[in-house]
Structures are given as C-alpha cells and as structure tokens.
Amino acid sequence: MNHSSLIQWLRDSTSLGQIEEAILSAIAEKLCSVDLPANSTLAVTGEFVSGLWILETGGLASPQPTAVPVDLLPGTVINAAALISGQPSTETVRTQTDCRCWFLSQSDFAQLRTTYPQLAPLFTQVLTRQIAKLSSQISVEQQRQQLLRPYLVNNARRGVIGKSRFAVRLRSQVIEAAKNREPVLIFGEPGQEKDNLAALIHFGSAQRRLPLIQVDCDKLQSNAAE
C-alpha cells in the first residue's frame with residue numbers, strides 16, 4: 001500500500017478519518033506494516049505500551065469486565081489512550097487470527113505530538129467515538145452470547161484413546177485437521193462421538209478461543225415453500 005493509498009484507507013476505514021490532512025499524512029509516513037500470528041499480544045492491562053496499532057486485516061479480541069470478549073474489527077485503533085495519557089494500558093488486546101497491522105512506535109508518536117500540539121485533543125475525539133462504538137458492540141455481543149449459550153461447546157469430553165491402528169490414524173487425522181483448519185466432514189454411525197471429534201479439532205486449532213456452536217439439524221425449520 002503506497003502513501004496516498006494508506007492515507008485514503010486511514011480516512012475511510014478507521015476512526016482517524018476526521019484528522020486534518022497534514023497530520024494524517026505525517027502519521028502515515030511513520031506507520032510500518034507488521035504481520036502478526038494468532039494469539040500475539042498488542043496490549044496488557046497495567047503495562048506500558050510500545051506504540052499505536054491499527055488493525056488492517058484479521059481479528060483482535062479484548063476481554064471485558066463483563067466477561068464478554070469483544071471482537072475488534074479491521075480499522076480499530078489500539079493503545080491511543082495509553083499513549084496520550086502516558087499511563088499503562090487499561091485493557092488487554094490479542095490477535096484472534098493471523099493479522100496484518102500498522103504500527104506507530106511510542107517514540108514516533110511522541111515526536112508527532114511535539115510537532116503537532118493539536119494531536120492530543122484530536123486523538124481524544126477519536127477515542128470518544130471509538131468508546132461509543134465499543135459500548136454498542138459490547139451490548140450486541142452480550143445479546144448474541146446469551147442467545148448462543150445453550151448451543152456453546154466449552155471443551156472436548158475426552159481425547160482419542162487406544163493403541164490400535166484405527167485410534168492412531170484417527171488421532172493423526174484430528175491433529176492434521178486442527179492444523180489446517182479447513183472444512184471437515186465427519187461421518188459415522190450414531191454413538192461414535194462425532195461431536196467430540198469436532199470439539200477436539202476446534203480446541204486443538206489456532207481458532208480455539210473462538211466459540212464452537214453445536215446445532216441439531218433435525219431441529220432446524222425449513223424455509224422452503226411447501
């Protein structure tokens with residue numbers, strides 16, 4: 001992404017869009033692109049931050065006091081409040097999936113703040129809008145989790161046990177499926193714990209922190225016209 005494209009993306013896709021052109025351009029010049037694997041930490045509650053993060057692709061999550069983990073979508077700006085205040089972070093943020101982020105170091109942010117004294121109040125406005133959006137998202141997420149709670153699978157009941165060739169091969173297939181995390185079709189006779197194999201695959205994968213939903217298709221109502 002070249003400089004002009006980055007400025008346009010910041011304006012269209014992030015909460016920094018209302019910042020004046022000269023300052024936004026200066027911010028874009030200092031940003032560097034960073035690829036992060038799943039479960040990387042961008043901020044930890046009570047610790048000073050290394051810089052500003054802006055999510056371009058992938059998904060982040062931040063645990064909340066309500067115990068509802070909030071998903072943070074592309075365009076989210078992370079650590080702005082801690083950088084402006086010079087205080088430790090008040091939240092923990094981790095990557096849920098492989099992510100691509102834009103990073104502005106603490107020293108570069110401090111330099112920009114010296115050059116542009118209006119940067120702090122502008123970022124305060126950005127944070128106000130982002131907090132309002134986050135509060136709305138928390139409310140929606142709480143409702144969603146309440147509806148899905150009866151269908152959530154919290155963990156696998158047991159692993160694949162035994163030393164037979166079938167058991168060894170099945171364990172290998174579960175590990176491979178969890179590693180690749182591609183769609184998997186599990187079939188067999190009733191009572192063979194296909195749901196438990198699905199749980200083993202999910203909770204052994206990089207997406208283990210995401211919810212696993214179990215639905216009985218026999219109970220789904222058809223919308224097809226009679």
Side-chain angles (χ1 to χ4, degrees), residues 1-21 23-65 68-116 118-138 141 206-210:
M1 190 181 298
N2 59 36
H3 184 68
S4 59
S5 297
L6 177 55
I7 293 174
Q8 191 62 47
W9 179 80
L10 292 171
R11 190 168 298 287
D12 294 342
S13 304
T14 77
S15 53
L16 304 180
Q18 300 303 314
I19 293 179
E20 60 186 82
E21 188 74 18
I23 299 178
L24 195 61
S25 178
I27 292 172
E29 287 181 358
K30 299 289 187 180
L31 290 173
C32 60
S33 181
V34 181
D35 291 324
L36 298 171
N39 206 32
S40 297
T41 300
L42 278 63
V44 177
T45 302
E47 295 186 8
F48 287 97
V49 301
S50 58
L52 186 80
W53 294 93
I54 306 174
L55 178 64
E56 181 182 352
T57 62
L60 307 176
S62 175
Q64 298 296 314
V68 177
V70 173
D71 296 336
L72 304 177
L73 303 177
T76 300
V77 179
I78 307 297
N79 294 343
L83 287 171
I84 291 173
S85 66
Q87 299 297 315
S89 177
T90 58
E91 63 178 346
T92 295
V93 181
R94 295 187 180 91
T95 58
Q96 285 187 311
T97 63
D98 292 347
C99 294
R100 173 164 294 175
C101 299
W102 292 94
F103 179 70
L104 177 69
S105 69
Q106 189 276 338
S107 58
D108 282 340
F109 184 88
Q111 184 180 14
L112 287 170
R113 189 173 178 178
T114 300
T115 305
Y116 301 98
Q118 66 270 45
L119 186 62
L122 286 173
F123 263 79
T124 299
Q125 296 174 18
V126 167
L127 287 170
T128 300
R129 291 192 297 269
Q130 188 162 301
I131 288 171
K133 182 178 179 180
L134 185 60
S135 297
S136 175
Q137 190 177 352
I138 290 174
E141 184 65 19
Q207 285 76 39
R208 64 178 65 88
R209 296 182 182 274
L210 299 177

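All values below come from the heavy atoms of this structure, side chains included, with hydrogens, waters and symmetry mates left out.
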Taking only residues two or more places apart in sequence or in another chain, which ones pass salt bridge (Lys or Arg N to Asp or Glu O under 4.0 Å) with D98?
none
How long is the gap from [atom1] on [X] to [atom2] on [Y], to the nearest 0.5 Å?
{"X": "R11", "Y": "L16", "atom1": "CZ", "atom2": "CG", "result": "9.5 Å"}
{"X": "Q106", "Y": "F48", "atom1": "CD", "atom2": "CZ", "result": "10.0 Å"}
{"X": "T14", "Y": "W102", "atom1": "OG1", "atom2": "CH2", "result": "12.5 Å"}
{"X": "S33", "Y": "L6", "atom1": "OG", "atom2": "CG", "result": "9.0 Å"}
{"X": "T41", "Y": "L36", "atom1": "OG1", "atom2": "CG", "result": "10.0 Å"}

Would you indicate whether the side-chain heavy atoms of [Y] and [X] approach each other to under 4.5 Å?
{"X": "T114", "Y": "F109", "value": "no"}
{"X": "C99", "Y": "T97", "value": "yes"}
{"X": "I78", "Y": "I54", "value": "no"}
{"X": "L60", "Y": "L42", "value": "yes"}

If I compare all heavy atoms of W9 with all of E56, which pair ends up nearest, and what's the gap?
CZ2-CA, 3.7 Å
Just to verify, what does T57 make a side-chain hydrogen bond (donor to acceptor under 3.5 Å, both in side chains) with, not counting sequence neighbours?
none
Residue pairs fulfilling salt bridge (charged side-chain N to carboxylate O under 4.0 Å, His left out) with at least one residue in residues 102-115, sequence neighbours excluded:
none
